[in-house]
Amino acid sequence: MTAGSGWISDALREHEHADRPEVPGGRTELPVTDREQQVLDRIDRARRRRPRVREERITMSHGAGGKATQTLIEAVFLDAFRNPLLEPLEDAALFSVAGPRVALTTDSYVVSPLFFPGGNIGDLAVNGTVNDLSVSGATPLYLTAGFILEEGFPVADLTRVVSSMQEAAVAAGVSIVTGDTKVVQRGKADGCYINTAGVGVLLGDISLSVACAQPGDAIIVSGPIGDHGITIMLARGELDIEADIISDTAPLNGLVASLLAAVPGVRAMRDATRGGVATILNEIAKAADVGVLASEDDIPVRDEVRGASELLGIDPMYVACEGRLVAVVPGESAEAAVRAMRGHPLGAGAAVIGEVVADQPGIVRLKTAFGGTRIVDLLVGDPLPRIC
Amino acid sequence: MTAGSGWISDALREHEHADRPEVPGGRTELPVTDREQQVLDRIDRARRRRPRVREERITMSHGAGGKATQTLIEAVFLDAFRNPLLEPLEDAALFSVAGPRVALTTDSYVVSPLFFPGGNIGDLAVNGTVNDLSVSGATPLYLTAGFILEEGFPVADLTRVVSSMQEAAVAAGVSIVTGDTKVVQRGKADGCYINTAGVGVLLGDISLSVACAQPGDAIIVSGPIGDHGITIMLARGELDIEADIISDTAPLNGLVASLLAAVPGVRAMRDATRGGVATILNEIAKAADVGVLASEDDIPVRDEVRGASELLGIDPMYVACEGRLVAVVPGESAEAAVRAMRGHPLGAGAAVIGEVVADQPGIVRLKTAFGGTRIVDLLVGDPLPRIC
Amino acid sequence: MRFVDEFRDADKAHALAAKIAALCEPGREYKFMEVCGGHTHTIYKHGLEDYLPEAVTLVHGPGCPVCVIPMGRVDDAMHLASRPEVIMTSFGDMMRVPGSSGSFFDAKAAGTDIRMVYSPLDSLKIARQNPDRQVVFMAIGFETTAPSTAMTMLRAAAEGLSNFSVFCNHVTIIPAIKAILDSPDLRLDGFIGPGHVSTVIGCRPYEFIARDYGKPVVVAGFEPLDILQSIYMLMLQLSQRRSEVENQYSRVVPWDGNLVALRAIGQTMELRPYFEWRGLGFISHSALRVRDEYAAMDAERLFSVPGVRVADPKACQCGEVLKGVLKPWECKVFGTACTPETPIGTCMVSPEGACAAYYNYGRMNRTRVAEASAAGSAGRA
Amino acid sequence: MRFVDEFRDADKAHALAAKIAALCEPGREYKFMEVCGGHTHTIYKHGLEDYLPEAVTLVHGPGCPVCVIPMGRVDDAMHLASRPEVIMTSFGDMMRVPGSSGSFFDAKAAGTDIRMVYSPLDSLKIARQNPDRQVVFMAIGFETTAPSTAMTMLRAAAEGLSNFSVFCNHVTIIPAIKAILDSPDLRLDGFIGPGHVSTVIGCRPYEFIARDYGKPVVVAGFEPLDILQSIYMLMLQLSQRRSEVENQYSRVVPWDGNLVALRAIGQTMELRPYFEWRGLGFISHSALRVRDEYAAMDAERLFSVPGVRVADPKACQCGEVLKGVLKPWECKVFGTACTPETPIGTCMVSPEGACAAYYNYGRMNRTRVAEASAAGSAGRA
Amino acid sequence: MCLGIPGEVVEIHAETPDLAKVNVSGVRRLINIGLLSDDPPKPGEWVLIHVGFALSKIDEHEAAAAMEFLESIGQAYEDEIAAMRESLIE
Amino acid sequence: MCLGIPGEVVEIHAETPDLAKVNVSGVRRLINIGLLSDDPPKPGEWVLIHVGFALSKIDEHEAAAAMEFLESIGQAYEDEIAAMRESLIE
Ligand code: SF4
Ligand code: SF4
Ligand SMILES: [Mg+2]
Ligand SMILES: [Mg+2]
Ligand SMILES: [Mg+2]
Ligand SMILES: [Mg+2]
Ligand SMILES: [Mg+2]
Ligand SMILES: [Mg+2]
Ligand SMILES: [Mg+2]
Ligand SMILES: [Mg+2]
Ligand SMILES: [Mg+2]
Ligand SMILES: [Mg+2]
């Protein structure tokens, strides 16, 4: 239950501080209109105070556009994200971009649970969008934040999420410049969904596209795969599996900058999220109409990710990451690319995992550790735990 | 239940068209590897076909990032929104903007019901974001579209929503250039939520802000208020109230262009959405630290909106619109502004509803039709139907 | 809107205002209580006080159904609602009324199944749709609303619905008026009688006021001209040294009330020996409970209800406001600790509550307003 | 991973491959059936066929629990699941198996309460959490899985859980192998025996194959070297004109199986007189049902189950694939109408289904692959 | 007290004569007229609506009388104002 | 058939000796070891896990023997390959 009798004492305590000029002789001294005016002035001062969310849980009022919405925006969002572009709280944020081309992306985040080892939906929502811009070759600059909150969502959780977003934004060097909040009835969401859209700028004439992959190109992954997906599956608790593993959620713009500086000829990058590395390899094969030949032995997978995958009967190649990228570089630049990535903390585990080939266009093949070959197609359905 | 035995016959019918070169003498004629290769080629051709969503309902697979996600994106979203920026389906859309400043906005749409007289969540999601850009003085150019779909959502409904979005985008002259789809478990959403972020460009040195409102300015509304909110309340069906009223959802960029052309000195505009016109008047009063004095008699409200509001005990001033704007213009330009707006179909009902005054800063007052005065504060809570 | 717009005409208001002003005896102050919160709402919503001479003061009475619910009853309702089998249904007004640990709205956010209804009949619909749940209707209101609850109970009985019950908090206005008349610290010159209550109980029940206390009563409608005319009628009685019950709202209120409605109430409910009113304390025979014959629809008997008495927060001066002893803004916490967002007292919740009405509509300097109105081009006073 | 990685060693595979090749008698073709879908999965997932000489062909058998479920049983399960009081629990594999009007997955999307579990024990947890619902576990699988169902039933009985039941579809492998051996259109040289089934039933039940049909059987593990070694052992028996049951998987499979597990099955389940297998038709004594003593946990008795027989779609050639008569890609609709996204037959659903395994992992030109592998720097064959 | 809204009865519900459709400024809703069973309203008559029930009929005659009174004092007031103005001009 | 994964028993659950915690590559889960009640596994022993149950113990001795065999033929093969290479070089 929100509030508790606590809120009354809170409100009264605050009221005490409502710098009320004491009327010397009590209220009989002044004419009614003057006394009333003093009260009105006191209220005016109280209203201009820093807003504070008193509720412990989000209620429908927080989404109704009235006073509670405004308080939420000012006390929670603006307070955390504060920057000159957001501050006017106008209908749109205005800024200038210096660069011939602008990159625009969006993603909604619906992760459950909202808090998990290594992060929460907030930093995920910032990093994910930063990463989509980064792998497009853009320098991420500005983010929007759209919240869909479920009635009953704890305000303390929201505050935690929002402050993680701000930390992630600071770490990635971006600003959250405009936002939106909607509240839906209990049972019509799962606590909190976040959409972020991002704007970045492309400097120079960089041109990246998975459609540019050419036979002979090397395919590089920036680190061990599947950490995020396995962390989330285990964090749900339904599988009763424990492991010391944390999400890899991280902003990749720094790593991308290092890579691009070292290897200007990079053909394409993708951040491996839903669908995992397997999906990206298939996107490359399809977009460029080339074959992709990867090597199981070369794909970095943590022991715990492998163990959990074996137990659940799923394939780490399809498991989501949130801080790993796949890069396609000309074969001759492979070594330089790996070296550059390993020089960055988020690329310490970078490795060449395969190559682009001419034959079997559209198809991704994997040399198995066993020395055989198999196809790695797009995933059908969800990665479901299986018995057989 | 999805599919029904129908899907098998469908699949087989399609299979018939899988231009399979008939092996003249049957399979015994060719060596196994050749026969196998022919089958593989046939499959390859089938895979390169135009994707089609076979399911009648959204399943978790459509959000898992695999084949179903890809099919959904290509068959539903790309097919409807097709444009050269979206088509590469890269992690971000790239484009150039010509103009010194860029406007960025976002909104999530969670309207229930999804389809209502006068529109649906799709055109709402496009118009709403177009409007936030427009009232900022920007020419809306590019939109993102982030979908959160509930498992079980009918694909036919999604298709309707998406095609409404495209129609709205065409009508507003914007392109949807990047997007995202997530699917959540049944019971974790309400069919379909949409987030759109929008990018627009400000030409010239236009500078709009509600903080610029000055005593003497006139406040104009572009047409009758509350149509959208009342339509939605009635469309939910719980109140058992019928009325011939439709949502006012519409893109305001054309109207804004007409207004700005006629009155370059416009101080600020806002589209009246959640919280209605009352909220905007309060935003003006607060941001510019001025008083606002509006006149009840001058505020256009349709009979049906008034009737429904009386029945429900709510105030139309707080009821949402989705195609109305409030403009602040210098007093001397009021007439020209109204004339310009009335010249546009979406501004036919434009009217001066009040003025900015110096006294009682931060407070919105309304001259009632009865000749009295009252305060119009921010709404507390939801506009709840009341008995007393 | 017919029967509405014609009673909001500013020209006629000026005429009435002039008549009222003309009736003021020099040096005399007039204090009238509008018993009904609906009147309070109208007064502030339309800015009616702008028409009244300084000498005439309106005192806001206890006739706001939500404002008089004591905290203990809210807690009891919350206790009922928190039972897993219970779906609580409530009018929107009730949703923000604070109990000792938050409002229905807060409880709903925390997962309690509380649903807003427009009509008590909607609760029956919910009961039919949820045969394995118990639907409890949070019945509040004066005689205006009690007949609707009664009709809903009769309907449920006729249908044989076994999962619908009523948590009955209906109150009756006469004992509250009497309590106010008997309170030593208040001097009133007359009453603006509650129009909608009177559609049910008629005008006779007020006669004791005129007869025994010598105060005029005018039963009034809810448009601003109705109230202005009623004030005029009260002033006229005073100037003529009369004290009678008059019916300004005769287009809606029959002198004898609504017999069908009274019968329905009498069939399903009976007077409680006493009931607690927020701010006014316990008043005997001031509320209704479900009759024994309908015990199966009485949530208080179906479920155990703690029934603890919760003292109002110390800072709360609702009692004084409800009795008209204090003006809303004279309460110490008005507008700072107690606001519509964080109501400490219930008078700050409902749009009919005196504090809420004053805060939402009236919170401004009337002198300065008058000047601004005169100057402003948008106004037309 | 211990007991895993060491059995995936490419060098040893090359050695085994050479040994196998060396055992090939010129001009002779060898056809071995891996009975178990787990083996099929391993074969394709690791690209094991790349190590086999042309003369050796692997034929995929019926040992995929999901593939042999007939459409009628899926429809029956769906019927059960659609009851409002029922929560159906199912392994993930089962979710996409097509019934005549869609899969569990489709039904779930349409609102049917079907939940995925990792272990049958999870169903008990759900039953405890939902005392007012009926939790039905969709029990599928061979002797490997039946003991887990049995233990779960015993646990439910011990706890006195009254809202848990089993829709029993457990099947037994021996009658299916016998049916294949008796089918006229198939010539096999030996069997790669199901390793995990054998942990329960042991190796003796296969003796009739060696004795009566003169075919060697090697019970095999699930890592690729296990299978390669088993093929080598089969080739060795053939070259030595032996036909015996051998146990390659002795690290896991005791010759006599698991008596505790067999007792648990025997206590809760009994053989059905006959049961329909997809593609193979009715096979007598080939499946398990719940014993009378546990009738209260038998969903087939608790709820009426339509039990209609649904003919497989005409285009479906799963029967031939399950019997090993057709290679997956030889089915007419393979890869065009029937894909993992839109499986027409169940062999396309489970990763253990021959068609799915071939489609997901094996769908490529092996000759070209070999060339590419040789050329590709990323490989290390 | 409590919100009461005037609405015009449009039609009596055929199957359940307890219910009537009323019109409030072009907005229609079925309401329960059981409380008026002593003298049920006919289409064209006006009722006062409270929480989905018609609480009383609106007496057009009485309404007209009230209006007449208000108009009469309005007229008297305007005459007076006019007279005052004239006196000022003079 | 059906997925079976080797895991090392880490500890037997104190209250319910039917349950044991197993470790699979650093990942831990409680599993039911009721099917091994004839000869319950001890910490350090390995079991085969299927749908949350231990189905059998893994016999390290047999596993070592299998490995030995595989290594022996591996060695033989490598010797052969080496010999062949040498013969080619020569
Ligand atoms: S301000 Fe609040 S506490 Fe004071 S009288 Fe009004 S409602 Fe009660
Ligand atoms: S392709 Fe499909 S229909 Fe044909 S055998 Fe395989 S699963 Fe059955
Ligand atoms: Mg994106
Ligand atoms: Mg992304
Ligand atoms: Mg991406
Ligand atoms: Mg917004
Ligand atoms: Mg916006
Ligand atoms: Mg908006
Ligand atoms: Mg806006
Ligand atoms: Mg995305
Ligand atoms: Mg409850
Ligand atoms: Mg069910």
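Every chain is numbered from 1, with letters handed out A, B, ... down the list of sequences. In this text the structure is predicted, and so the values were computed from the model without any measurement.
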| note | The reported gap from CD in A:Glu310 to CE in D:Met1 (rounded to nearest 0.5 angstrom) is 4.5 Å
| message | Please determine whether the number of non-hydrogen atoms from other residues, nucleotides or ligands lying under 6.0 Å from atom CD of A:Glu335 exceeds 12. | response | no
| request: Can you see which heavy atom on A:Val380 is nearest to which on D:Arg96, and at what distance? | output: CG1-NH1, 3.6 Å
| query | What part of D:Leu52 gets closer than 4.5 Å to chain A, counting heavy atoms only: side chain, backbone, both or neither? | reply | neither
| Does anything in residues 231-244 of chain A pair up under salt bridge (Lys or Arg N to Asp or Glu O under 4.0 Å), and if so which pairs, sequence neighbours excluded? | A:Asp240-D:Lys125, A:Glu242-F:Lys21, A:Glu242-F:Arg28, A:Asp244-F:Arg28
| chain A contacts, top residue of D:Asp5, D:Thr339, D:Asp122 (heavy-atom pairs, under 4.5 Å) | D:Asp5
| message | If I take atom CG from residue A:Leu379 and atom CD from residue D:Glu341, how far apart are they, to the nearest 0.5 angstrom? | response | 10.5 Å
| query | Which value, rounded to the nearest 0.5 Å, describes the distance between A:Leu366 atom CG and D:Tyr361 atom OH? | reply | 10.0 Å
| Quick one: does A:Phe370's side chain get under 4.5 Å of D:Asp50's, heavy atoms only? | no
| task | Could you give me the CA-CA distance, side-chain angles and deciding distance for A:Asp377 and D:Arg363, then say whether salt bridge (Lys or Arg N to Asp or Glu O under 4.0 Å) is met? | result | CA-CA 10 Å; A:Asp377 205 345; D:Arg363 184 172 30 89; 2.5 Å; yes
| request: Only counting residues at least two apart or in another chain, list the ones meeting salt bridge (charged side-chain N to carboxylate O under 4.0 Å, His left out) with D:Asp226. | output: D:Arg251
| query | Does any N or O in the side chain of A:Arg374 come within less than 3.5 Å of the main-chain N or O of D:His46, such that one atom is a donor and the other an acceptor? | reply | no
| D:Ala10 to A:Ala369 - nearest heavy-atom pair and separation | CB-O, 3.9 Å
| message | Could you measure the distance from the CD1 atom of A:Ile375 to the OH atom of D:Tyr44? Nearest 0.5 Å is fine. | response | 11.5 Å
